[in-house]
Amino acid sequence: MLLIRCPWCGLREQAEFSCGGEAHIVRPLKPDELTDEQWADYLFMRDNTKGWQTEQWVHSGGCRRWFNAQRDTVTYKFGISYKHTDPKPEDGD
Amino acid sequence: MFEMAAMRSPLNSLHGEDVPHVEFNGITLTELPFLRHYNVRFQPDDQQASSRFRQLLGFDAPQGPNIFVVHEDNLCAWLGPDEWLIVTPFHAKDSLDYALNEFAYGDDFVTRVDISAAQTIIRATGPKAADLLGRGVSYDLHPRNFQAGSCIQTVLARASVTLFAQSAAAVTIDIVVRRSFAEHLWNWLVDAGQESEFHSL
Amino acid sequence: MNQKNRLPTGGQIDRSQPVSFQFNGRTYGGYTGDTVASALLANDVKLVARSLKYHRPRGIMGSGAEEPSALLQVNRGARSIPNLRATQTEIYDGLKVSSVNCWPSVSLDALSLMNWLSPFLQAGFYYKTFMYPRKGWMFYEKVIRRAAGFGKVSSEPDPDRYDKINAWCDVLVVGGGPTGLAAALGAARAGARVMLADEGQQFGGGFLRTESEDNLQWVSDVLRELEEFSEVRLFKRTTVAGYYDGNFLVLNERLTDHLGNATTRNAREKIWRVRAKQVVLSTGAIERPLVFASNDLPGVMLSSAVSDYINRYAVKPGQNAVIFTNNDTAYRSALHMLDNGVGVGALVDARTEISDPLFDKLAHRGVKMMKGSVVVRAQGKKSVSAVEVMRLSADGKSLEGTPEKFDCDLLAVSGGWSPAVHLHAQSGAKPVFDDEKACFVPGPAFQNEISVGAASGNFSAEKAVSDGYQAGISAAHSAGCQVVDLPVIQEVSDAYTSEYAIRPLWQVPGSGSSDRLKRFVDFQNDTTVKDIKIAVQEGYQSIEHLKRYTLLGFGTDQGKLGNINGMAILSEELGQDLIQTGTTTFRPFYTPVTFGAIAGREIGPTFFDPVRKTAMHDWHVEHGAEFENVGQWKRPWYYPKSGETMDQAVNRECLAVRKQVGVIDASTLGKIEIYGPDAAEFLNYVYTNSWSNLPVGSCRYGLMLGEDGMIMDDGVTAKLGDNHFYMTTTTGGAAAVLSWMERWRQTEWPSMRVYFTSVTDQWAVISIAGPKAREILTKVAPTLDASNDQFPFMTFRDSVVASVEARIFRVSFSGELSYEINVPSDCGKDVWEKVFEAGMEFGITPYGTETMHVLRAEKGFIIVGQDTDGSMTPVDMGMSWIVSKNKDCLGKRSLSRSDCIREDRKQFVGLLTEDPNKVLPEGAQLVELPTDARPTPMIGHVTSSYFSASLGRSIALAVVKGGKSRMGARIHSILMTGESVPVSICNPIFYDREGERQNV
């Protein structure tokens, strides 16, 4: 059972959170102008990184805020958690 | 034509009577029914809103997470960076209503929602109360970590709850729970209390 | 009580408390403090079990968690437990235990003929033999299953309580031996919150098997000091069963089993979910057996276990012993035997150079000291009667000289020590092989843990105490405690300290006479050296493959004794280093944990999942409702009158709504207040239709899509004010919808000025529907003008209902004139009762979810999650009218993806059976013709199906490939019975197609 740091509430148990998948995927501003391939790329394609990956999480059992967190998909270790208004940090350690 | 409606708390006490209450192993559980609860939203960096809040309610809404403040009748807890819970006794309802209406009035991005009927509070009292709650709460309720004035939103017995540390050493913990989960949570707590072995944290 | 092998004095047993217990139906005596194993040995019972595969006689080999063979069934009716280790099961008065895996009795086991069949039963036998004929496995399996496996579980409900609790600490110390006690003391003195857990009934670990009174005194001194710290918790009979991510560990505390039948209110077991800032692993080490012919006979015992039985339990495990070792530690056991009247005929040591100070001392006491020698074979039928000893060649690969025979009834073996690295490995770290000590030792830590003492490969008691103490202090320091000058710990001294020296010996080479005999590696699974060789020959050369082919390391003991020898033998066979072979994965749990403990209290209808109730729940109960689970909610399903079947009740309720008026509790609908200047704009994004021009006071139906274009939720939203909306969602979708909206608002459109607040629990919803609904509303809301002009369909009004401020929505899910009265839940039951009373004169009928479903199906209204399944678009459902062409919304772009515009997608239609009384089962598959060649192409399925009392016939909703353009077509529904039912495709709206009834 992981401990995850909510940028607001601090370290809490994994059971209080839900994962929203890869972070920093921006919704296209004009979907109508995209080809099927471009839209599918946004909708379906994910990096599925081995190693550090940034993910969206929500503190669903707490303050209900979404945030981004770095997680190593090999070790399950969490790196930095940060708010959406913060810039994307370097890979964690 | 119709008489005043009979109000019924989530744990089925009628207003002013039959408040659920149980004691075991030095722990007391009781409902604090019919308090008035408001969900209040404004932007913390909105100076004008913050100062109007202070002016109308007489205190500052807590800016940090995991804490609550008490000012006269009102308890105000941080729920999120732009969200607070204010709880007040039934008798203070009108003055709080008035203040919050004033606060929301005229500012298009300030709001308050009356959620008094949506939730209730179960109070757990006794030096071993934290040990009882620890059966369901993953948060560390040790008095070093959960001091008087702490307030955490977490999950207890698979229900979302907000816990208030009302006194040092976690002797009194108030549990805010949604109405539809209240009976489940009460039963769960009473069942957990059948254990004869409790410790002071 | 005859305890022939009990020593007259000593031990940690309480001689003032004699206990009698039954083993395999016979009564034996022992003392409180005994385990079943020590008590059986005291009574000279050596044969206690039969092995899994060959049903060979087995005895007690160890004295703790490592025991592979002496597994017991504790017989207590519904409280029975299978497969407990005799070495860890405490006895109490009246305890009844029996051997597992034997019939009719342990000494006369019918299946022992398996041993004679054994040449055929080597690794892979079952896989290879029972493959043909293919259908034969159905038969073979039943026979094989009966012969295999351990113990029996009770089929009765478990009468006990099991508790579960969360705990946090600075330092968790695992293992209460000298190292762990010292570590706990160090951490405690440094001011840390400490938990110390030991699986046994007593703290002291290895000190309990020494002869030293000083050591025992040290243990009680340390314990006394630890008990004085308020922040220290000591756990006996508590196994740290698993070590997970985030320094999260699971402890299994056994609270009552040792008390026997004494009544207690306590839970039987308790699971501690512990978050430790730092973990000190002082789990000790496990002695390895040695691999030679017939090394599984009862009477072959680990030398440490021999010392345990003599010193801790005051039991002689035999009269005449031989010792076989490849390291120093067995010398100590030899001394314990001699001092307590156990003869030691020979000490056989594989090493040629021996520096142990005890060597000469033992020789002086008449022990025949045999350097460079090995036991090649144990002899005996049901227990050891003699051993054969030969010289080992310098390279260890062959034997020399002629066998020398020694009579004995006890063979104490020591193949060296394996640190108990299980938890270290579970934490994510990788143990490394130490060539000098010939064992796996902890590698670099992966989480916040440190191994000390024997668990780290340091087998000296003196150093263990000082290292443990330092580890405890530094763990406390790492956990944030301020460490200032602490006193030094009281030292322990050891008269016979020696360096740990070992000659690795993974198997004794075969000799002529013993070649055909079995040499066991894994005693629980009957895995032999030969099995490993066969596996290698057949290509199972990875340790993980070997494990699955030979069963090495499976079972309740998870190979605690056999694994390392097995890995080493595999390495020898492959000619590679042990480190290349590696270990199998160490998985939780360390020892088995009962299902009861894992489940805890959250079982049964009350606690398995929270039960949510509406404010009117008690009324429904009082009025005889049958309930349906909808998510976590209890909703009235239907209200049968006495003698009514469900069908009769639902038909009555349906007709009442269509002809007079009905009332349903709709409180479970999700409700969200949406507020802010950008509220309408936000709704434009999450709903397919437009919200920009909705007037205040009006309601609108909305459909929500996932970004993939599939229908996610639906509901009616009302505009309460300029910046203010009130959204309803499906009962099951409430939390997901709120989270969905918060997600987009917070992550993608943070500049949108809008707030969401869940008010699901705030409002009780009383929905009245039917031609008489307006008359009731007028009665309960006298100040409201409810005329169609003033309060038209799809609008809402604030009003006062039965003296309570209410929000009333004129919407309809039944197709009838209908009002949803929302009042604060505090007053829900009261208002419900007053509405019901006001409706009596109009024949008001309470109705449940079943009637609601029938009524909406008659109208062709979808239920998200029933008629849709996450793969249906609005176009598929015939709802393209609700997708605005003039704006973007979530999921809209996906609707024009090539896959979403296929003409042959499944489309929403109605179905009518040719037989009007035939009600199709929901989920039934649809095909063109039942006679089509198999596999018959599936063209759709039934999503909803009911008998409609209003129409006097059955109706169904379905999704059918290209169905919209096939009105009137005749297709077939295939039932589970194989029956095919002809149906015709029709418009999904069966009743009041023009929608006039809701508009009156």
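Numbers restart at 1 for each chain; the letters A, B, ... are given by sequence-line order, proteins then strands.
Contact count against chain C (heavy-atom pairs under 4.5 Å) is highest for A:L43 among A:L11, A:L34, A:L43, A:V58.
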Using only the distance criterion (under 3.5 Å, no hydrogens considered), which donor-acceptor pairs connect chain A with chain C?
| unit_1 | atom_1 | unit_2 | atom_2 | d |
| --- | --- | --- | --- | --- |
| A:M1 | O | C:R275 | NH1 | 2.9 |
| A:M1 | O | C:R275 | NH2 | 3.1 |
| A:L2 | O | C:R275 | NH2 | 3.4 |
| A:E13 | OE1 | C:R273 | NH1 | 3.4 |
| A:E13 | OE1 | C:R273 | NH2 | 3.2 |
| A:E13 | OE2 | C:R275 | NE | 3.4 |
| A:E13 | OE2 | C:R275 | NH2 | 3.2 |
| A:G20 | O | C:R743 | NH2 | 2.7 |
| A:R27 | N | C:E748 | OE2 | 2.8 |
| A:R27 | NE | C:E707 | OE2 | 2.5 |
| A:R27 | NH1 | C:D888 | OD2 | 3.0 |
| A:R27 | NH2 | C:E707 | OE1 | 3.2 |
| A:R27 | NH2 | C:E707 | OE2 | 3.4 |
| A:R27 | NH2 | C:C889 | O | 3.4 |
| A:P31 | O | C:R893 | NE | 3.2 |
| A:L34 | O | C:R893 | NE | 3.4 |
| A:L34 | O | C:R893 | NH2 | 2.9 |
| A:T35 | O | C:R893 | NH2 | 3.4 |
| A:D36 | OD1 | C:R893 | NH1 | 3.3 |
| A:D36 | OD1 | C:R893 | NH2 | 2.8 |
| A:D36 | OD2 | C:S898 | N | 2.9 |
| A:W39 | NE1 | C:S894 | OG | 2.8 |
| A:Y42 | OH | C:E707 | OE2 | 2.5 |
| A:Q56 | OE1 | C:R743 | NE | 3.1 |
| A:Q56 | OE1 | C:R743 | NH2 | 2.6 |
| A:R64 | O | C:Q746 | NE2 | 3.3 |
| A:W66 | N | C:Q746 | OE1 | 2.6 |
| A:K77 | NZ | C:F446 | O | 3.1 |

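Heavy-atom contacts from other residues, nucleotides or ligands closer than 6.0 Å to CZ of A:F44 number more than 12.
Looking at C:C900, neither its backbone nor its side chain comes within 4.5 Å of chain A, counting heavy atoms on both sides.
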